[in-house]
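Report on the following structure.
Predicted model, so just to flag it, every value in this text is computed and none were measured. Sequence lines set the chain letters: A, B, ... in the order given, protein chains first and strands last, and positions in each chain run from 1.
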Amino acid sequence: MSYNFLEIEKKWQNYWLENKVFKANDNSHKPKYYVLDMFPYPSGTGLHVGHPLGYIASDIISRFKRNKGFNVLHPMGFDSFGLPAEQYAVKTGQHPKTTTEKNIVRFKDQLDNLGLSFDWDREIKTSDSNYYKWTQWIFLKLYNSYYDEKLNKAQPIEKLKIPTNISQEKMDEFIDSKRLAYVDVIDVNWCEELGTVLANEEVIGGLSERGGFPVVKKPMRQWVMRITDYADRLLEDLDDLEWPESIKLSQKNWIGKSEGAQIKFEVNKKNFVEVFTTRPDTIYGATYLVLAPEHPLIPIITSTTNKKEIDQYIHQTSMKSDLERQESEKSKTGVFTGAYALNPMSKKKMPIWISDYVLYSYGTGAIMAVPAHDERDYEFAKKFNLEITRVIEGGEDVDCYTGDGKIINSENYNGLDNQEFKIIVVDFLEKQKKGEKKVNYKLRDWIFTRQRYWGEPIPILYDGEKKKDLEYEDLPLKLPEVESYLPTKDGSSPLARNKNWVSVQKDGKEYLRETNTMPQWAGSCWYFLRFLDPLNDNEFANKDIIKYWMPVDLYIGGAEHAVLHLLYARFWHKVLFDLSLVNTSEPFKKLVNQGMILGNSAFIHRIKNTNDFISFDLIKGHETQKIHVDISMVDEKNNLDIKKLQKSNPEFEDVNFVYEKSFIVSRDIEKMSKSRYNVVSPDEICKKYGADTLRLYEMFLGPIDQSKPWNTSGITGVFSFLNKFWNLFHTNGKFHVNDEKPNDQILKSYHKVVKKVNSDIENFSFNTSVSAFMICINELSSLGCKSKDILANLCILLSPFAPHICEELWSLLGNKNSISYEKFPMHDEKYLIESMIEYPVSFNGKLRFKINLSASLKQNEVEDIIKNHQSTEKYLNGNSIKKIIFVPKKIINVVC
RNA sequence: GCUCGGGUGGUGGAAUUGGUAGACACGUUGGACUUAAAAUCCAAUGAGCAGUAAUGUUCGUGCGGGUUCAAGUCCCGCCCCGAGUACCA
């Protein structure tokens, strides 16, 4: 008989909600702890079993910290602007607001069913105008700030020193060129299928991150954020963060700092080609230059004889999409300009070429090619038969050597170490005014506008080309109603359809509104600040409250946001910090990535060009096509319920199923999603086993940061553990405990689990804590423990993992308060040492114990325990102890 | 290609960081209860060999070497899988 989890769980969920048990206090004498989840996008499918993984982990930490005496803030909200709601709106004509709100209700309900300890009084939605008012306000802060190179921080635009004696127009231009949010006509990533521009971070291998549609480069007028000014600080401050190394590394790579030199190559008296290189030491091996096809110098220096060929080449490459450009990676293409430049060191004449393997967007858009020591240059030189000169000794067995070595073929400098020579070259060129030390970044400015409906409107007005920012009183600038949410192919925003909204009178003047919207990342750049003070009408959050709670002590979410959300949020936060609006330079102190829970998709196979579906066991020799089927149509042994399938989908009524005994499907592990028909909802599990079981099971599945396929087969083990726990303190269905003092064996078992759980939670090793509980309950069962004290402490210990059952047992013990703020139990070292010395490690006549001393016991106390323990006697074999040697923290040698 | 992770029973995964390898759970097998099934409980369960048995013994953490009294863990050289990234000069 299982305990009545349905009744118990509902009861406690209501109790927590009604009594606001998890309400965080903004001024408390307790130390604070801010636990944050990456808030979800409320999709139409609701939660699947993968979502709660991170939420359960953060909830365990929240509850643990509460029991440890911290004032815990654990809020939740919704990142409710975004593409899917809009795409759904385009399809059905329903307002995205309506569907989003419906989805949020469903999400909240599902979250509450899991017993998560959120402070719902602080709920926020990014699409709520009370929220995006402040997103717009921060946007204007960025618009009205510039980066002061000397102070190395952002400053209000009023402090900017503007050159005098220039026209008003020039002045405006100058100011605009310094703003952190600025407008520029630049080559952007245009995705026609999505009808919008995308940030560099949202393009992966020439395809859109969302949907995988082709992206082309196209010059457009866009709002851009000057994130590049922060490149160095975003890089350096990573060192102090407790983040997974892999995430730090991704951010480092994305920022892509490289140190080298910028060198001028003279073409004629008037013109020179400037290049960036990290290898100035190879300058004697630079035998030609290459310009990107977009390079502005090309029309100036090209000889008339080659003009036709060059124009054709430039035209060709401009037609290529990013994807096509990458595909042609293997074979290099290019044309000769007919012009030459002078190598400032070797004084040799170098031909200038044009090729698309040089990117205009990186460095100076031009390179000095050193074919002997750079693989791309080598390939190009081979193809076009250009000179290859070795200038570094080493790698004789390869055609192209990229390592270090002694300098050769470099006139007076031969024999030097190449790293040494690097410095000499830069010094020499600096004196000649032909070059300088230079740092380059891969990071580009953040393209900020989207040509979409369902996002924050940008609070800017236009009077022709002249911009005017809205004032505080004008915020929020609410999203207008439009006839159609459909994006346009020409790149204008759906907001432009509402003509009444677009034209506006202000101070007796006619203006037009900006019609683009902000990207989805905008709302999530600062939401963790709004949670601190969500109802504040006068500021985005009160300064004292910010000072109390920030930074976020623990941030839990998926690793897929490594360079998107996490980089943008850090950038905004640093701007707010520079403007003294927040008190920390980094928002998230510790970051933990939960792994993804994958789905176990099922497939049926159609024989190509027929209407026959063949069972997977008979598939050999057939060419087939895989089609997803809903996993609810399939049993554990991979048998397909054909009737059920045909009933739910009439498409399959007229097809022929070929099989022997039963129709077998094939399986594959994939990301969980509606389109793959492999979604498992937590609701069914909660109904069948309860939320406590689901919580424990998800934690038991494996290490929190690991991705793993969902598989329900082991859930009975966790479920029966909870029942054992319940039944241990029940006799014939009645609650049954006693006041007896627990014996040593019980205490040993109890202290073992206390220690394990304490250290495991700190290390995010939740799977092993669950195991430790199971062992403990098994041991206590066989020892027949019914001790009141033990139960009380076990309830507190287990409550972060399985809060409902613990609250119930806690109240059965006669307690009136929620368990949520009870003191977390601590272990007694004495009992642990005894169990550790039961298994000594011995060799060479010495008896050794491996004991992890955690300092609460003194050395002589440990000695006494060892001397008096029965198992010591057994291992000593009649010898007596002469000496006990303590090696710090690790092994104890007993010499006999 | 480069950069990170990671390879342990039939499965998910433990192993106090160099000290009993396989905790815990699933699965499987056998047993108890039951008219029967479900549920529950008990026992066995890395592989091999010997033994009626208790037990003994050999092999065993992707492969090949090495360091050490002792290696899943450290070092060297390979193989495979996963993730990220991609002409960044």
Side-chain angles (χ1 to χ4, degrees), chain A residues 1-2 204-206 244-250 252-258 260-261 275-280 282 286 289-290 292 322 325-326 328-330 332 355-359 361-370 373-377 379-380 402 440-444 559-560 562-563 595-596 636 669 696-697 700-703 705-721 723-724 727 755-756 759-760 765 767-778 781 832 836 838-846 848-854 889-891:
Chain A
M1 249 251 303
S2 65
I204 295 160
E245 282 308 315
S246 62
I247 299 281
K248 286 194 195 180
L249 203 75
S250 310
K252 270 181 202 159
N253 291 341
W254 191 261
I255 294 166
K257 181 177 182 170
S258 51
V275 307
F276 172 73
T277 179
T278 53
R279 296 295 302 272
T282 61
L289 297 178
V290 188
D322 275 13
R325 236 170 133 153
Q326 272 168 37
S328 62
E329 199 178 307
K330 284 140 219 149
K332 300 253 180 298
S355 173
D356 65 356
Y357 86 88
V358 173
L359 304 174
S361 55
Y362 184 75
T364 60
I367 61 155
M368 65 174 213
V370 186
H373 304 289
D374 183 287
E375 270 162 38
R376 295 150 303 177
D377 297 344
E379 243 176 83
F380 191 80
T402 53
N440 238 311
Y441 299 94
K442 226 167 89 180
L443 184 72
R444 299 272 81 87
E560 66 274 17
V563 287
M596 215 184 310
E636 302 96 72
I669 306 295
L696 279 170
Y697 184 59
F700 184 67
L701 227 43
D705 53 350
Q706 218 168 82
S707 290
K708 51 228 147 191
W710 179 254
N711 176 358
T712 335
S713 68
I715 203 163
T716 51
V718 176
F719 183 56
S720 69
F721 154 69
N723 279 304
K724 267 187 216 163
N727 289 329
K755 170 157 188 192
K756 183 89 179 128
S759 68
D760 278 354
S765 177
N767 54 333
T768 50
S769 325
V770 178
S771 296
F773 278 121
M774 291 179 178
I775 296 168
C776 178
I777 293 304
N778 279 339
S781 286
L832 298 180
M836 278 190 236
E838 267 160 33
Y839 292 107
V841 191
S842 79
F843 80 97
N844 281 3
K846 271 184 205 163
R848 292 189 153 203
F849 302 104
K850 198 175 178 199
I851 297 183
N852 206 359
L853 283 175
S854 47
K889 270 190 189 169
K890 269 192 179 175
I891 287 176

_C1'-based separation of B:U28 from B:A15 [nearest Å]_ = 25 Å
*asked:* From the set B:C26, B:A89, B:G13, return the single nucleotide nearest to any side-chain atom of A:Pro703.
replied: B:G13
*Side-chain N,O (A:Ser2) to OP1/OP2 (B:A39) below 4.0 Å*: no
*Take atom CG of A:Asn253 and atom P of B:C87, then tell me their distance rounded to the nearest Å.*
14 Å
_For B:G9, glycosidic torsion class - syn if within 90° of 0, otherwise anti_ = syn
*Using both distances under 3.5 Å as the test, list the Watson-Crick or G-U wobble partner of B:G5, or none.*
B:C81
*Watson-Crick or G-U counterpart of B:U55, or none if no pair lies under 3.5 Å*: B:A50
_Rounded interatomic separation in angstrom, taking CD from A:Glu560 and P from B:U85_ = 12 Å
*Which residue, A:Gly702 or A:Gly365, contacts RNA chain B at a nucleotide closer to its 5' end, judged by nearest heavy atom?*
A:Gly702
*Using the P atoms only, state how far B:G6 lies from B:A14, rounded to an integer number of Å.*
12 Å
*With both distances under 3.5 Å as the test, what is the Watson-Crick or G-U wobble partner of B:U68?*
none
_What's the gap between B:U85 and B:A23 when it is taken at their C1' atoms, as a whole Å value?_
39 Å
*Between B:C26, B:A89, B:G13, which one does the side chain of A:Lys708 approach most closely?*
B:G13
*Without swapping roles, check the side chain of A:Lys708 against the backbone of A:Pro703 for a donor-acceptor pair under 3.5 Å.*
yes
*Indicate, with a heavy-atom threshold strictly under 4.0 Å, whether A:Ser759 touches base, sugar-phosphate, or nothing.*
nothing
*Got a donor-acceptor contact below 3.5 angstrom from the A:Lys257 side chain to the A:Ile255 backbone?*
no
*Euclidean distance for P, B:G22 against B:G72 (whole angstrom)*: 12 Å
*Determine which nucleotide pairs with B:U45, using a 3.5 Å limit on both distances of a Watson-Crick or G-U wobble pair.*
B:G27
*asked:* Below the 4.0 Å mark, does B:G13 have OP1 or OP2 next to a side-chain nitrogen or oxygen of A:Gln706?
replied: yes
*asked:* When the C1' atoms of B:A32 and B:A25 are compared, how many Å lie between them, rounded to an integer?
replied: 23 Å
*A:Ile775 side chain: which of B:A89, B:C24, B:A14 is closest?*
B:C24
_So, OP1 or OP2 of B:A25: does either fall under 4.0 Å of a side-chain N or O from A:Asn767?_
no
*For B:U68, does the O4'-C1'-N9-C4 (purine) or O4'-C1'-N1-C2 (pyrimidine) torsion place it in syn, i.e. within 90° of 0, or in anti?*
anti
*Take atom P in B:G13 and the same atom in B:C87, then report the distance between them in whole Å.*
35 Å
_Expressed as a whole number of angstroms, how long is the span from A:Lys724:NZ to B:C41:C1'?_
10 Å
*Could you work out which one of B:A86, B:A89, B:A25 sits closest to the side chain of A:Thr278?*
B:A89
*Using the six-membered ring wherever Trp is involved, compare the ring planes of A:Trp710 and A:Tyr697 and label them parallel, tilted or perpendicular (cut-offs 30° and 60°).*
perpendicular
*Look through every strand shown and name the nucleotide pairing with B:A39 as Watson-Crick or G-U wobble, where both distances are under 3.5 Å.*
none
*Starting at the 5' end of RNA chain B and moving along, which residue's nearest nucleotide shows up first, A:Lys756 or A:Ala366?*
A:Lys756
*Can you tell me how far C1' in B:C74 sits from the matching atom in B:G18, rounded to whole Å?*
8 Å
*Minimum-distance nucleotide to A:Leu249 side chain [options: B:A89, B:U3, B:A14]*: B:U3
*Could you check which of B:G12, B:A89, B:C4 has an atom nearest any side-chain atom of A:Phe700?*
B:G12
*State the pairing partner of B:C33; accept Watson-Crick or G-U wobble contacts with both distances under 3.5 Å, and report none otherwise.*
none
